[in-house]
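Worksheet: the structure to be examined is printed underneath.
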Amino acid sequence: MSDSRLFKILYYLLDKGNATAPELAAAFEVSSRTIYRDIEALSGAGIPVYTEPGRNGGISLLHDFILDRTILSEHERQELLAALQSISATGYPSAKEIQTKLSALFHTTTENWIEVDFSRWGNSACDNTKFEQLKTALLQHREMEILYESTAGKQSRRIIQPLKLSYKSKDWYIKAYCLKRQDFRLFKLNRILELKLLTKTFIPRPYPEPQDSPQQFCQTIVLLFSKTIAYRVYDEFDSTQIKLQENGDLLASAEMPVDPWLIGYLLSFGTKVEIIEPKELREILAAQAKEIYEKYQCR
């Protein structure tokens, strides 16, 4: 009998509330007979676990059962408090309070080892308010009205159903279903200029994976960077995407959508980047650079 499996069964029941023997057997890759022996072992250890026969029956814990703190080792308590400290650093409002309560329960504290500030430079109050409203919408499944600035430079008002908050490549995004487009969309938080929490609720639907989402179409972009801006390349590309050239320049490749944001991003490198692939991107960037030149040449 595996003590590890007994704890896993206990955690499973705490999470699910109720499970059948075949369900547990499949989850832990053992027979139903083994599961019943494990349940007897848990009961013998004083855990209030019981079985109910019948169609709607199964294996359950008493409703008011609370896992004793001694179940967790000293190392596990420290890891749990450290994880809460990490969440607290993101600005999540309840994490600090929960961390304080658990510290008292465990009779231990953690070192203040991490500091993270996701807000932009300057006054962070607006960003924190936006984050709090989004958290409420996500947890309560409430629709939101937003004013959004697109990469094409156009503003539009939309009603969205927020599904998940995502942090990717130095920026926060909200994965949502857009009622205006009747499709899933990814919104960058910095471009949400206004947002309003609505009273109408919705039933969440799974956000499609990137390969299933046609608007997330990406191309292989190959770029040659001057060695003089190597710091930026290592800041923004994974080391597995970079090949160091004999002269010190860096060749980087990544899957990226060819859109106005990418054009502006590449222009920010000036003459320190050369587009190797795709050819049409070279032409787009050249045309954009020509427009910039002509604009300032006339003045």
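Values in this document were obtained by computation on a predicted structure and should not be read as measured data. No hydrogens, no waters, no symmetry mates; every other heavy atom, side chains included, goes into these values.
Looking only at distances, no side-chain donor or acceptor of D249 sits under 3.5 Å from a matching main-chain atom of S226. Put simply, the side chain of Q245 gets close to the backbone of K243: a donor and an acceptor are under 3.5 Å apart. In this structure, K130 contributes its side chain and L189 its backbone to a donor-acceptor pair below 3.5 Å. The main-chain N or O of L179 is found under 3.5 Å from a side-chain atom of Q182 such that the two form a donor-acceptor pair.
Between R5 and T34 there is a side-chain heavy-atom pair separated by less than 4.5 Å. Taking 4.5 Å as the limit, some side-chain heavy atom of I35 sits within range of a side-chain heavy atom of I59. Looking at V233 and L223, their side chains never come closer than 4.5 Å, going by heavy atoms from C-beta outward.
One side chain, R158 or S156, offers a donor N or O that lies under 3.5 Å from an acceptor on the other. Side-chain polar atoms of S268 and R232 form a donor-acceptor pair below 3.5 angstrom.
A 6.0 Å sphere centred on NZ of K180 holds more than 12 heavy atoms belonging to other residues, nucleotides or ligands. Within a 6.0 Å radius of NZ in K188, other residues, nucleotides and ligands contribute more than 12 heavy atoms. Other residues, nucleotides and ligands place no more than 12 heavy atoms under 6.0 Å from the CD atom of E29.
Note that the OH atom of Y231 and the CD atom of E236 stand 9.5 Å from one another [nearest 0.5 Å]. Put simply, CG on L139 and CG on L134 are 10.5 Å apart, with the number rounded to the nearest 0.5 Å. To the nearest 0.5 angstrom, Q140 atom CD is 11.0 Å from T199 atom OG1.
A side-chain contact (heavy atoms from CB on, under 4.5 Å) with I160 holds for exactly one of F202, Y177, F187; it is F187.
Evaluation of the salt bridge (charged side-chain N to carboxylate O under 4.0 Å, His left out) test over residues 136-145, restricted to residues two or more places apart or in two chains, returns E145-R157.
When the side chain to side chain contact (heavy atoms under 4.5 Å, CB included) test is applied to A19, the partners found at least two apart in sequence or on another chain are Y12, L13, E23, L24.
Follow the hydrophobic side-chain contacts under 4.5 Å out from Y50 and you never reach Y36; the two are in separate clusters. Hydrophobic clustering (ILVMFWY, side-chain heavy atoms < 4.5 Å, transitive): I229 and I276 are in distinct clusters. Linking ILVMFWY side-chain heavy atoms closer than 4.5 Å, directly or via other members, places I275 and L224 in two distinct hydrophobic clusters.
Scanning both residues, V222 and S253, for their nearest heavy atoms gives CG2-CB, 4.1 Å. Pairing each heavy atom of L250 with each of A230, the nearest pair is CD1-CB, 3.6 Å. Closest heavy-atom contact between P278 and T220: CD-O, 3.9 Å.
Note: F225 and F237 have tilted aromatic rings, judged against thresholds of 30 and 60 degrees for the angle between ring planes.
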